[in-house]
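Treat the numbers as computed from the prediction; the structure is a model and nothing was measured. Along the sequence shown, the residues carry numbers beginning at 1.
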Amino acid sequence: MDAKDNRKKFPTFHNMVGGSAAMRKVFDLIGKSAKTDSSVLIVGESGVGKELAAKAVHELGPRKRNPFVAVNCGALPEHLIESELFGHEKGAFTGALKDRKGRFESARSGTLFLDEIGEMPLGLQPKLLRVLQEKTFQPLGSDRTVCSDAKVVAGTNRDLMELQRAGAFRLDLYFRLNVLNITIPPLRERGEDIEILARWFLNKYTEKEKRNDLEISPGALKSLKKYHFPGNVRELSNLIERAVVWTEGNRIENFEFEGSRSEHRGGGGGDETGAAAEGEREGLLADLKEIEVVSGRESMRKWHETLRCVSIENICDFLHGTGGREFSRKEFARFLETVAGNGGDKYKTAGVYLKILTRNDVCEHNGQQANRSGYIVLYGR
């Protein structure tokens with residue numbers, strides 16, 4: 001069965017990801033991966049649609065009538081992940097008041113999607129490896145063996161080989177997961193998909209809000225095509241939904257972009273202003289990469305990774321996108337929410353980041369109290 005047939009069987013994913021050559025290739029790989037029981041590793045930045053791709057692998061395969069179970073390995077406290085995945089028996093630990101099935105047992109004969117697999121604690125990785133190899137495991141606090149034939153699909157926005165070199169991820173587990181690899185490119189690398197996706201989301205949210213007369217103006221559509229989209233498809237979805245809710249007339253004339261409001265993809269070639277702006281951005285990115293912070297006993301060399309799913313390029317895009325104007329901690333927190341999704345106190349995290357940036361002469365604080373604080377980026381330091 002070719003990619004075209006797969007799109008007919010699972011049109012939602014096809015519509016969501018667009019129709020570029022890059023995404024047609026991705027969909028073809030999904031169709032091939034769905035036919036086997038081999039493990040699949042889906043790689044891509046936050047917001048590109050890794051879970052949707054995992055669902056497509058499930059729906060296009062012979063397991064589609066069985067459960068699809070998803071778990072975010074980065075959203076659970078370390079001491080709960082083992083119980084969440086493998087279950088526990090009553091009394092296995094404080095608070096275990098009754099037996100509980102884990103996700104592997106719940107997904108039996110179906111598909112288990114392990115999102116953010118790079119956040120899996122190192123001590124738990126051998127047990128996950130055993131399940132992948134032997135198809136058996138023991139619930140926490142139990143001596144009984146449970147069989148699981150769930151197809152495992154893992155997702156990550158991080159370089160697992162880099163984590164392996166840093167001693168945070170097992171090499172044998174990497175190879176066991178990466179039997180079949182699907183890499184989803186970021187939205188900024190497939191600009192031809194933006195209009196397709198924008199119209200798909202517009203139909204979705206106008207139907208939801210009962211505003212079927214709403215349309216996107218050519219100017220607003222042009223601004224979407226120029227935008228950098230650090231939050232990928234998730235950010236585009238948020239932009240369209242917000243515009244549908246807030247627009248008072250029957251035409252969306254503009255969008256309220258988060259983060260890098262003036263960040264556009266290349267294409268101007270040779271323009272001195274554009275070259276200067278790009279040079280300014282590269283200089284800012286270099287400064288950000290050199291920051292080293294020590295907090296207490298903990299070294300935070302990769303300070304920008306303390307919040308999952310945020311890359312140093314994302315933060316650079318936001319700072320450069322302000323164009324030197326003053327911005328607030330609240331605005332920066334909204335940006336982090338857009339890029340990183342739900343989970344965690346983004347307002348508090350924004351404050352920590354901004355404190356690091358001001359101490360390293362990247363930003364200047366206006367000296368006001370926290371609830372009235374403003375910052376500007378110091379270009380040409």
Side-chain angles (χ1 to χ4, degrees), residues 37 39-44 46-47 49-55 57-59 63 66-158 160 163-164 168-170 172-174 176-179 234 305-310 340-346:
D37 290 332
S39 300
V40 182
L41 181 64
I42 302 176
V43 181
S46 177
K50 294 188 291 294
E51 183 168 348
L52 194 62
K55 287 180 180 178
V57 169
H58 175 73
E59 291 291 334
R63 298 171 179 265
N66 298 317
F68 174 86
V69 178
V71 58
N72 189 323
C73 300
L76 294 169
E78 184 172 340
H79 66 284
L80 292 180
I81 294 180
E82 183 173 4
S83 171
E84 189 71 23
L85 290 179
F86 305 112
H88 64 254
E89 290 199 345
K90 179 180 178 180
F93 53 86
T94 303
L97 303 180
K98 60 181 181 180
D99 294 351
R100 184 181 185 279
K101 281 186 179 180
R103 300 297 182 96
F104 267 100
E105 192 167 359
S106 298
R108 184 181 294 178
S109 299
T111 301
L112 178 63
F113 177 51
L114 300 175
D115 198 9
E116 303 305 340
I117 190 66
E119 308 301 331
M120 174 73 67
L122 190 61
L124 192 56
Q125 291 178 25
K127 190 166 185 177
L128 175 59
L129 180 63
R130 177 179 175 81
V131 179
L132 294 172
Q133 291 176 334
E134 308 295 335
K135 303 295 183 181
T136 61
F137 63 92
Q138 291 182 328
L140 198 61
S142 173
D143 57 1
R144 67 186 177 92
T145 298
V146 179
C147 296
S148 174
D149 62 345
K151 178 186 177 79
V152 174
V153 180
T156 183
N157 66 349
R158 305 184 67 180
L160 296 185
L163 289 177
Q164 187 275 323
F169 203 84
R170 292 177 61 108
D172 48 4
L173 178 57
Y174 169 78
R176 178 60 66 174
L177 290 170
N178 195 35
V179 177
R234 181 189 294 133
E305 292 182 358
T306 56
L307 179 66
R308 296 184 180 95
C309 305
V310 177
N342 296 325
D345 187 341
K346 301 299 187 300

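Looking at heavy atoms from C-beta onward, V57 lies out of side-chain contact with F113 at the 4.5 angstrom threshold. Residues D149 and D37 are not in side-chain contact: their nearest non-hydrogen atoms beyond the backbone lie 4.5 Å or more apart. When side chains are defined from C-beta on, L85 counts as touching L114, because their heavy atoms get closer than 4.5 Å. When side chains are defined from C-beta on, I81 does not count as touching E119, because their heavy atoms never get closer than 4.5 Å.
Using a distance-only test at 3.5 Å, with no hydrogens or angles considered, no donor-acceptor pair links the side chain of K50 to the main chain of E116. Listed for the E51 side chain is no donor-acceptor partner under 3.5 Å among the backbone atoms of D115. Using a distance-only test at 3.5 Å, with no hydrogens or angles considered, a donor-acceptor pair links the side chain of H88 to the main chain of K98. H58 places no side-chain N or O within 3.5 Å of a backbone atom of V69 that could act as its donor or acceptor partner.
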With side-chain contact (heavy atoms from CB on, under 4.5 Å) as the criterion, how do F86 and L124 come out once you've worked through the C-alpha distance, each side chain's angles and the decisive distance to 0.1 Å? CA-CA 11 Å; F86 305 112; L124 192 56; 4.0 Å; yes

Let's go through K127 and R130 carefully: what are the C-alpha distance in whole Å and the side-chain angles of both, what is the deciding distance for side-chain contact (heavy atoms from CB on, under 4.5 Å) to 0.1 Å, and is it a yes or a no? CA-CA 5 Å; K127 190 166 185 177; R130 177 179 175 81; 5.6 Å; no

List the steps and the verdict of side-chain contact (heavy atoms from CB on, under 4.5 Å) for L128 and R170. CA-CA 11 Å; L128 175 59; R170 292 177 61 108; over 6 Å; no

Show the numbers, then the answer: is there a side-chain contact (heavy atoms from CB on, under 4.5 Å) between L41 and Y174? CA-CA 9 Å; L41 181 64; Y174 169 78; 4.3 Å; yes

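Q125 approaches A168 most closely through the heavy-atom pair NE2-O, 3.2 Å. The nearest pair of heavy atoms linking A107 to A150 is O-CB, 3.4 Å. Contact record, Q138 with D143: NE2-O, 3.2 Å, taken as the closest heavy-atom pair. Heavy atoms only, all atoms of each residue included: S109 and N66 are closest at O-ND2, 2.8 Å. Between P67 and S106, the closest heavy-atom pair is CG-O, 3.6 Å. In plain terms, the two heavy atoms of G118 and L163 that are nearest each other are O-CD1, 3.7 Å.
A distance of 10.5 Å separates CG in N178 from OG1 in T156, rounded to the nearest 0.5 Å. Separation of atoms CZ (F169) and CE (M120) is listed at 7.5 Å; rounding is to 0.5 Å. Between the OG atom in S148 and the CD atom in E134 there is a gap of 13.0 Å [rounded to 0.5 Å]. To the nearest 0.5 Å, atoms CG (L140) and CD (E82) are separated by 4.5 Å. A distance of 9.5 Å separates CG of L52 from CD1 of I42, quoted to the nearest 0.5 Å. If you take CD on E84 and CG on N72, they are separated by 10.5 Å, rounding to the nearest 0.5 Å.
In this structure, K101 places its NZ atom where only 12 or fewer heavy-atom neighbours from other residues, nucleotides or ligands lie under 6.0 Å away.
At a cut-off of 3.5 Å, with distance as the only test, a side-chain donor of R234 or S46 sits close to an acceptor on the other residue.
The aromatic rings of F104 and F137 lie tilted to each other, with the angle between the two planes from 30° to 60°.
A side-chain contact (heavy atoms from CB on, under 4.5 Å) with L132 is found for one member of L177, D172, V179 and no other, namely L177.
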